[in-house]
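From a predicted model like this one, the values you see are computed outputs, not experimental measurements. Order of the sequence lines sets the chain letters (A, B, ...), proteins ahead of strands, with each chain counted from 1.
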Amino acid sequence: MPELPEVETVARDLQRWVTGSTIADVEVRWERTIRHPQPAARFAAELRGATVGRVGRRAKSVLIHLADGRVVTVALRMTGALIVAPPGTPDDRYARVVFHLADGRQLRYRDVRKFGRIGLWEGGGLLARRPRSASRRVAEAREPARVGDVFARHGPEPLRSSFTAARLAERLQGRSARLKTLLLDQSFIAGVGNIYADEALWRARLHPLRRADSLTPGEVRRLHRAIRAVLRQGIANRGASFADYVGADGEPGENAERLSVYQRSGEPCLRCGRPISRLVIGQRSTHYCPHCQVDPLAEQAAR
DNA sequence: ACGCCTACCTGCTTGC
DNA sequence: TGCAAGCAGGTAGGCG
């Protein structure tokens, strides 16, 4: 499941390999992959002849900046992948959108489960502040026009230097939600998904059911460091591969083997040796060490 | 603000 | 072996 480190890996690969390439043609094989307001045929027509500029990332979306300022957003969701295929590569039955590059290569959007979405937007607004409530209502009434509007409701990027422990503390204040739920909430913090939420909480020794506003200043600092550390480690290892995730080279990442709790139920905790537990929070499986990540309040509630 | 539900999808695993 | 049910979970939207 692509989260921030996986999406960052794909974006960096594409930055190296397709920047400067011209899109000769676009083949849309699953129309619903194309997000409004572009009907698939118009999407293809508008991209024909465009040149790829910088490739970056915001939240869990790959941003393909075009030389003319427009931006293609690719939300990989569960099983999406962007793969650069050299000429002669056998076709892929799961390729939902194929960007034919002028040099003969293909940039394939592959997605087994068809959850992912690709949009085409005007540039601008990415660095702007969030709209106030009135303008936000207007922005929601129709599909956003600018790429910035697409991400207007997303929370901060956890790896930016502006995401400090103080900023995290501020955002946690007054929130009664559970830590796990908040970490998965993209409007609270962008880019963290189920894998890295569990990893960060284990690393910070915080129970996933802990109320967000109950953290001491020391615990907030631990959480802040843990979030950044697990994301950085994920990027360093080219992402964690479960199911369908691969980089733009089509190769799986190395980080799955280096995870501490995710999908390790029953296996020994790497810190204390006791078995890792699993529970369901908000319909998501959650992996944690009941010994290292003790929540006094959860214990009390269980009695 | 928050929690809970459903829909979107397909392939893999599990149980009979 | 076959077949159906269950499961995986990111995100949007709806409801209470």
Side-chain angles (χ1 to χ4, degrees), chain A residues 1-8 10 29-37 57-62 73-82 92-97 109-119 130 133 136-137 139-144 149-155 158 170-201 208-214 231 234 239-246 252 256 259 261-266 278-287 297-298 301:
Chain A
M1 314 105 222
E3 301 178 26
L4 188 154
E6 291 75 28
V7 179
E8 180 69 29
V10 171
R29 299 181 184 175
W30 182 256
E31 302 233 338
R32 298 182 63 178
T33 299
I34 307 305
R35 193 175 160 182
H36 274 339
R57 178 194 60 77
R58 167 73 170 119
K60 296 176 194 168
S61 287
V62 175
T73 57
V74 184
L76 305 172
R77 298 273 178 94
M78 293 298 301
T79 55
L82 280 165
D92 179 349
R93 60 179 290 222
Y94 298 116
R96 309 302 184 188
V97 179
Y109 176 68
R110 174 183 212 271
D111 192 351
V112 173
R113 289 173 66 184
K114 303 176 177 172
F115 282 178
R117 294 292 179 261
I118 300 180
R130 294 180 180 212
S133 52
R136 193 181 304 176
R137 231 172 287 127
E140 279 165 18
R142 50 178 165 71
E143 279 292 323
D149 299 331
V150 178
F151 300 100
R153 294 162 68 185
H154 279 68
E170 207 174 277
R171 295 182 70 75
L172 288 168
Q173 210 173 22
R175 299 295 300 257
S176 63
R178 292 153 172 178
L179 283 181
K180 173 69 185 264
T181 310
L182 265 197
L183 289 181
L184 292 179
D185 181 349
Q186 298 303 295
S187 68
F188 181 79
I189 183 169
V192 177
N194 210 32
I195 296 175
Y196 294 95
D198 284 3
E199 292 298 309
L201 290 171
L209 289 175
R210 189 76 181 271
R211 261 181 73 119
D213 60 5
S214 74
L231 294 175
S241 293
F242 283 98
D244 295 72
Y245 166 75
V246 289
L259 299 179
V261 279
Y262 185 77
Q263 293 224 324
R264 291 194 64 242
S265 311
R278 176 185 176 274
L279 62 87
V280 175
I281 304 174
Q283 290 101 249
R284 305 263 160 69
S285 66
T286 299
H287 313 79
L297 296 173

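Considering only the side chain of A:Y262, C:dA8 comes nearest among C:dA8, B:dC2, B:dG3. The nucleotide whose nearest atom lies closest to any side-chain atom of A:A177 is, among C:dA8, B:dG3, C:dG10, B:dG3.
Neither OP1 nor OP2 of B:dC4 sits under 4.0 Å from any side-chain N or O of A:Q283. For the OP1/OP2 pair of B:dC8 and a distance below 4.0 Å, the side-chain nitrogens and oxygens of A:K114 include no atom meeting the criterion. Between C:dA8 and A:R278, a contact under 4.0 Å exists linking OP1 or OP2 to a side-chain N or O. A:S176 has a side-chain polar atom (N or O) that falls below the 4.0 Å cut-off from OP1 or OP2 of B:dC2. The side chain of A:R93 places an N or O atom within less than 4.0 Å of a non-bridging phosphate oxygen (OP1 or OP2) of B:dG11.
Computed from coordinates, the A:M78 CE to B:dT10 P distance equals 14 Å when rounded to whole Å. In this entry the distance linking CG of A:D185 with P of C:dG10 reads 13 Å, nearest Å. Across the protein-nucleic acid pair, A:L209 atom CG and B:dG3 atom P stand 10 Å apart, rounded to whole Å. Taking atom CG of A:D111 as the reference point, atom P of B:dC9 lies 10 Å away to the nearest angstrom. In this structure, A:F115 places its CZ atom 12 Å from P of B:dA7, rounding to the nearest Å. Rounded to an integer number of Å, the gap from A:R153 CZ to C:dG13 P is 8 Å. Between the CZ atom of A:R96 and the P atom of B:dT10 there is a distance of 7 Å, rounded to whole Å. Between A:R77 atom CZ and C:dA12 atom C1' there is a gap of 7 Å when expressed in whole angstrom units.
A:F151 CZ to A:T73 OG1: the interatomic distance, rounded to the nearest 0.5 Å, is 5.5 Å.
Within 4.0 Å of A:Q186, counting heavy atoms only, lie sugar-phosphate atoms of the nucleic acid but no base atom. Residue contacts for A:R32: at a heavy-atom cut-off of 4.0 Å it reaches the sugar-phosphate backbone alone, with no base atom in range.
A side chain to side chain contact (heavy atoms under 4.5 Å, CB included) with A:P208 holds for exactly one of A:D198, A:V261, A:L201; it is A:L201.
Contact detail for A:R77 and A:P2: the closest heavy-atom pair is O-CD, 3.1 Å.
For the pair A:D111 and A:R96, the salt-bridge criterion is not met [side-chain N within less than 4.0 Å of a carboxylate O].
Formation of a donor-acceptor pair under 3.5 Å by the A:R117 side chain with backbone atoms of A:R32 is found in this model.
Nucleotides B:dC9 and C:dC3 are separated by 25 Å at their P atoms, to the nearest Å.
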